[in-house]
There are 2 protein chains.
Amino acid sequence: MTKPVEPDAGAAETAPLSVPDRLTAAATRLFAEHGFERTSVQELVEAAGVTKGAMYHYFTSKDDLLFAVYERVLSMQTRRLAAFAEAEGPVARRLHQAAADVVITTVDNLDDTLIFFRSLHMLSPARQSQVRKERRSYHELFRSLVEEGAREGAFRTDVPPDIVVSQYFGAVHHLGMWYHADGELSGAQVGEHFADLLLASLRT
Amino acid sequence: MTKPVEPDAGAAETAPLSVPDRLTAAATRLFAEHGFERTSVQELVEAAGVTKGAMYHYFTSKDDLLFAVYERVLSMQTRRLAAFAEAEGPVARRLHQAAADVVITTVDNLDDTLIFFRSLHMLSPARQSQVRKERRSYHELFRSLVEEGAREGAFRTDVPPDIVVSQYFGAVHHLGMWYHADGELSGAQVGEHFADLLLASLRT
DNA sequence: CGAGAATCACAGACCGGTCGGTATGTAGGT
DNA sequence: ACCTACATACCGACCGGTCTGTGATTCTCG
């Protein structure tokens, strides 16, 4: 058995995922459910259908696993934002699209983003600063769109762009606290409303 | 020694606070600094200058102490919001004042609000639902202001008030993740900007 | 081409340390 | 005598991480 286990050998779910993928998937679910500290390595590996030996073969520590969960969603969102920022068209439209999109990717990965802000402080200082650095460049990319609109006269100039971005992302990052997939509004609908409110708040 | 200890008997800070108050103050600081789970009861009571016996005399568990921290700031913010909501004047002005005020009280109690959203899930389910209930009535009081403005024609009606309120409080609750008292802007300045953006986003 | 060596990918028992909570004791007030 | 308000010693559970073992695969070299 080089990579996949034989079908239907494990517990409930036995998709042919690799062992590291099974571990990150189980970690995402359990960390979001009980929190990072309340989830023991033992129950984590049992949920993933592997053993501790397997986990410590691929990850150096429990923190490392948390970090891997962070990286996945953070790099994905950064890539998407860059694509919207570099696109053609008026800045108001690009900002609206980017703002709505980050809501959609956030609700599509609600567990990850919930863990993100709940457990960042559990990471080693080195890992924390690495995550913060990535988060910061993400913030700055978004801010550059706001500044571009302000220069062009499309947006108001009496509120610091940093405040605008911090306010918006604060709202997005808090989605994990209240949004439920089985609620009235889809992620796309919430994204539209959020983006509409953002653009309205920036009108001259 | 019925209530106060003799002056200058403990560690660094020996204000004549009662033992429960010393414990909640130490808990607020340590939970915000290292997180709830990483803070042991032993270091907590040492920071408060008391012993475990004292702590378990006033609180039934470590969770109970966390709950007490929650209650203090939550009830305070609810009282203040009610005062603004019940005041006189146009709804736009009352909403602006309430929106700016919640930012100020949040940055004035940044540790508490940080703990709040980071460690809510560590509470027992019963306690969690009690906190959520209070949080919900707070949300609804704020929402009633938005709805009042919409009825009067002062605010737009094409975005659900719940979305507006969730977005705004999301941003406020996330202040603990980025606001620093030694930064460029004071809490009052951030509050003004936040409230300005909120009101602008609601214009018809 | 084949056999032994080295490596990989885990398995699972085990350990030192820590932690929340309790049991028991006691000084002072009433 | 009794209650309040603590102090202190202690316990059993648990947890992250390590260590050794092992079957399968790959590499090496004659």
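These figures come from a predicted structure and were not determined experimentally.
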From [options], nucleotide with atom closest to [X] side chain:
{"X": "B:Tyr56", "options": "D:dG17, D:dC6, C:dG20", "value": "C:dG20"}
{"X": "B:Ser61", "options": "D:dA5, C:dG21, C:dC10", "value": "C:dG21"}
{"X": "A:Lys52", "options": "D:dA5, C:dC10, C:dC14", "value": "C:dC14"}
{"X": "B:Ser40", "options": "C:dA11, C:dC10, C:dC19", "value": "C:dC19"}

Under 4.0 Å between a side-chain nitrogen and a carboxylate oxygen: does that hold for B:Asp63 and B:Arg127? no
Considering heavy-atom distances to DNA chain D, does A:Gly53 or A:Phe36 have its closest nucleotide positioned more toward the 5' end? A:Phe36
Give the rounded distance in Å between these two atoms: [atom1] of [X] and [atom2] of [N].
{"X": "B:Met55", "N": "C:dC19", "atom1": "CE", "atom2": "C1'", "answer": "12 Å"}
{"X": "B:Leu65", "N": "C:dG20", "atom1": "CG", "atom2": "P", "answer": "11 Å"}
{"X": "A:Glu43", "N": "C:dG12", "atom1": "CD", "atom2": "C1'", "answer": "18 Å"}
{"X": "B:Glu37", "N": "C:dG20", "atom1": "CD", "atom2": "C1'", "answer": "11 Å"}
{"X": "A:Leu66", "N": "D:dG17", "atom1": "CG", "atom2": "P", "answer": "12 Å"}
{"X": "A:Gln42", "N": "D:dC14", "atom1": "CD", "atom2": "P", "answer": "12 Å"}
{"X": "B:Leu44", "N": "C:dG20", "atom1": "CG", "atom2": "P", "answer": "9 Å"}
{"X": "A:Asp64", "N": "D:dG16", "atom1": "CG", "atom2": "P", "answer": "15 Å"}

Closest non-hydrogen contact found for B:Ala92 with B:Phe155 is CA-CZ, 4.0 Å
Taking all heavy atoms of A:Ile115 and all of A:Ala27, pick out the closest pair and write down the distance. CD1-O, 4.3 Å
Atom CZ of B:Arg136 with >12 non-hydrogen neighbours under 6.0 angstrom: no
Taking the six-membered ring for Trp, are A:Tyr168 and A:Phe194 parallel (under 30°), tilted (30 to 60°) or perpendicular (over 60°)? perpendicular
Any side-chain N or O of B:His57 below 4.0 angstrom from OP1/OP2 of D:dA5? yes
Is the base of D:dG17 touched by the side chain of A:Lys62 through a donor-acceptor pair closer than 3.5 angstrom? no
Would you mind classifying the nucleic acid contact of B:Thr60 as base, sugar-phosphate or nothing, using non-hydrogen atoms under 4.0 angstrom? nothing
Heavy-atom nearest nucleotide on DNA chain C for A:Tyr58 versus B:Asp63: which residue maps closer to 5'? A:Tyr58
